[in-house]
Protein chains: 2
Amino acid sequence: MPPYTTTSLKAELNSRGWRLTPQREKILHVFQNLPRGNHLSAEELFHLLEQRGEPISLSTIYRSVKLMTRMGILRELELAEGHKHYELHQPHPHHHHHVVCIQCNRTIEFNSDSVLKQSLRQAEREGLQLIDCQLNVMTICPEALRMGWPSSLPSDWACSRAISEEEPSNSQLS
Amino acid sequence: MPPYTTTSLKAELNSRGWRLTPQREKILHVFQNLPRGNHLSAEELFHLLEQRGEPISLSTIYRSVKLMTRMGILRELELAEGHKHYELHQPHPHHHHHVVCIQCNRTIEFNSDSVLKQSLRQAEREGLQLIDCQLNVMTICPEALRMGWPSSLPSDWACSRAISEEEPSNSQLS
DNA sequence: CTTTTTGCAAAGTTTTTGCACTATA
DNA sequence: TATAGTGCAAAAACTTTGCAAAAAG
């Protein structure tokens, strides 16, 4: 279904008794222009729009991402500790899963047909309709293990792989 | 590694400079006697122990489940909305994944070698050590769809499958 | 006896809600 | 112009933290 245009988003919303608003359009726009592999938390989305000079209230953000997730437009990810992240919900061929380092939260995407197939099979087996499937592969880097994880690890220690991947490079996201 | 005895738990803790306490032992005991397919949130664990007349402070619960998760004794699940659930971390042959109904949060376990294999492969590819992998299959029952999900669904509506699965049957969990 | 762990209460995060106002269909 | 959506501020839900007392090794 994606990419959505203003028109198709409106149609999608209206068909369910919901309305197209500038806020919803802007939020979708952000996600559609987010570089591959990036995902935003509600707060990050809030700040991004704020910095862009198009502020939207935080509660509207929360309400919108939840709505758009239910509609199947966004995908809710629970990768890092604490807060949820959202990304565009891609159709099957682009559907992806995540490898996460539980030390630094760095994430890497990967594709897998077999995982999707397995998920479909299990949903079917229960007579349920598949909405989404997410495989989270939790890992730790050998360096962290060598450093004594999980007991003694200097509090300021970071994986060598933990490049500045924390903050999505906010430069020019549409 | 599981099942843990008091002795092996103590050894495991001590080897990392941690200590065996009655609280940690009780918590492990609860999980070891939890019927298959059940998992508890911090709060549920708190109430369970309270009702049993062996109260443990909520902050200790939080600290303990986090520690035991890092140690690989427990497994942290993010299935339902809002709060995390914990269960015993089973070794490979018993490792399982979950089908979840996003309407009623009912969960069903399933096993899959291929998913584990896929996870190992991806972790390896990145030079990372696999700690855990969790496949969450989000589904919705056809009845809910027929009732108009996701837009118009009576607020009190529940899947016919949504038996009293919400509260783990607290009857006599060791 | 040194160091970790606990329980408590207070504070921190993240998310939701009520309500008057505004905008959409 | 009826109904859905917004923004605000207040509340709720969940989790973490500081600290003094207690317990483990």
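Letters A, B, ... mirror the listed sequences (proteins, then strands); counts begin at 1. Below, all heavy atoms of this structure are taken into account, side chains as well, without hydrogens, waters or symmetry copies.
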>> Going by the rule ring-ring contact (aromatic ring centres under 6.0 Å, His included), which residues pair with B:His96 if we only count those two or more places apart in sequence or in a different chain?
In response: B:His98
>> Going 5' to 3' along DNA chain C, between which two nucleotides do contacts with chain A fall, using a heavy-atom cut-off of 4.0 Å?
In response: C:dT14 to C:dA25
> To the nearest Å, how far apart are B:Arg19 CZ and D:dG25 C1'?
Replying inline: 5 Å
> Parallel under 30°, tilted from 30 to 60°, perpendicular over 60°: which one fits the rings of B:His39 and B:His85?
Replying inline: perpendicular
>> I need the CG-P distance between B:Leu9 and D:dA24, as an integer number of Å.
In response: 14 Å
>> Run the side-chain contact (heavy atoms from CB on, under 4.5 Å) test on B:Val137 and A:Leu120 for me, step by step, so that the C-alpha distance in whole Å, both residues' side-chain angles and the decisive distance to 0.1 Å come before the verdict.
In response: CA-CA 8 Å; B:Val137 182; A:Leu120 272 167; over 6 Å; no
> Could you state the OH-C1' distance from B:Tyr62 to D:dT15, rounded to the nearest angstrom?
Replying inline: 5 Å
>> With a 4.0 Å limit, can you tell me whether B:Gln23 has a side-chain N or O closer than that to the phosphate oxygens OP1/OP2 of D:dA23?
In response: no
> Does A:Glu43 or A:Pro22 map to a spot on DNA chain C nearer the 5' end, using the closest nucleotide for each?
Replying inline: A:Glu43
> Is there any ring-ring contact (aromatic ring centres under 6.0 Å, His included) pair reaching into residues 101-134 of chain A, and which pairs are they, with sequence neighbours excluded?
Replying inline: A:His97-A:Phe110
>> Treating B:Asn111 as the side-chain partner and B:His95 as the backbone partner, does any N or O pair qualify as donor plus acceptor under 3.5 Å?
In response: yes
>> Considering every strand and a 4.0 Å limit on heavy-atom distances, what is the contact class for A:Arg24: base, sugar-phosphate, or nothing?
In response: sugar-phosphate
>> B:Gln23: which residues meet the side chain to side chain contact (heavy atoms under 4.5 Å, CB included) condition with it, sequence neighbours left out?
In response: B:Thr21, B:Ile56, B:Thr60
> Is a side-chain donor or acceptor of A:Gln32 paired with a backbone partner of A:Tyr4 at a separation under 3.5 angstrom?
Replying inline: yes
>> Reading DNA chain D from 5' onward, which residue's closest nucleotide shows up sooner: B:Thr21 or A:Trp18?
In response: A:Trp18
>> Using only atom types and a distance under 3.5 Å, with no angle test, would you say the side chain of A:Arg70 pairs donor to acceptor with the backbone of B:Pro150?
In response: yes
> Rounded to whole angstrom units, what separation is found between the CD1 atom of A:Ile27 and the C1' atom of D:dG7?
Replying inline: 13 Å
> In whole angstrom, what separates B:Phe46's CZ from D:dA13's C1'?
Replying inline: 15 Å
>> Can a side-chain donor-acceptor contact be found between A:Gln134 and A:Asp132 if the only test is distance below 3.5 angstrom?
In response: yes
> In terms of side-chain heavy atoms, does B:His47 have a donor or acceptor partner in B:Glu50 at a distance below 3.5 Å?
Replying inline: yes
> Taking OP1 and OP2 of D:dG25, is either one under 4.0 Å from a side-chain nitrogen or oxygen of B:Lys10?
Replying inline: yes
> For A:Arg70 and D:dA4, what is the distance between atoms CZ and C1' respectively, to the nearest whole Å?
Replying inline: 14 Å
> To the nearest 10 degrees, what angle separates the axes at the start and end of the helix from C:dC1-D:dG25 to C:dA25-D:dT1, five pairs each?
Replying inline: 50°
> Does any N or O in the side chain of B:Ser41 come within less than 3.5 Å of the main-chain N or O of B:Lys84, such that one atom is a donor and the other an acceptor?
Replying inline: no
> Does the pair A:Asn105 and A:Leu79 meet the rule for a side-chain contact (heavy atoms from CB on, under 4.5 Å), with working shown?
Replying inline: CA-CA 8 Å; A:Asn105 286 331; A:Leu79 303 170; over 6 Å; no
>> Just to be sure I understand the geometry, which residues of residues 53-60 of chain B put a non-hydrogen atom under 4.0 Å away from DNA chain C?
In response: B:Ile56, B:Ser57, B:Ser59, B:Thr60
> B:Arg63 has an atom CZ; how far is it from atom C1' of D:dA22, in whole Å?
Replying inline: 13 Å
> Starting at CD1 of B:Ile61 and ending at C1' of D:dT16, how long is that distance when rounded to a whole Å?
Replying inline: 15 Å
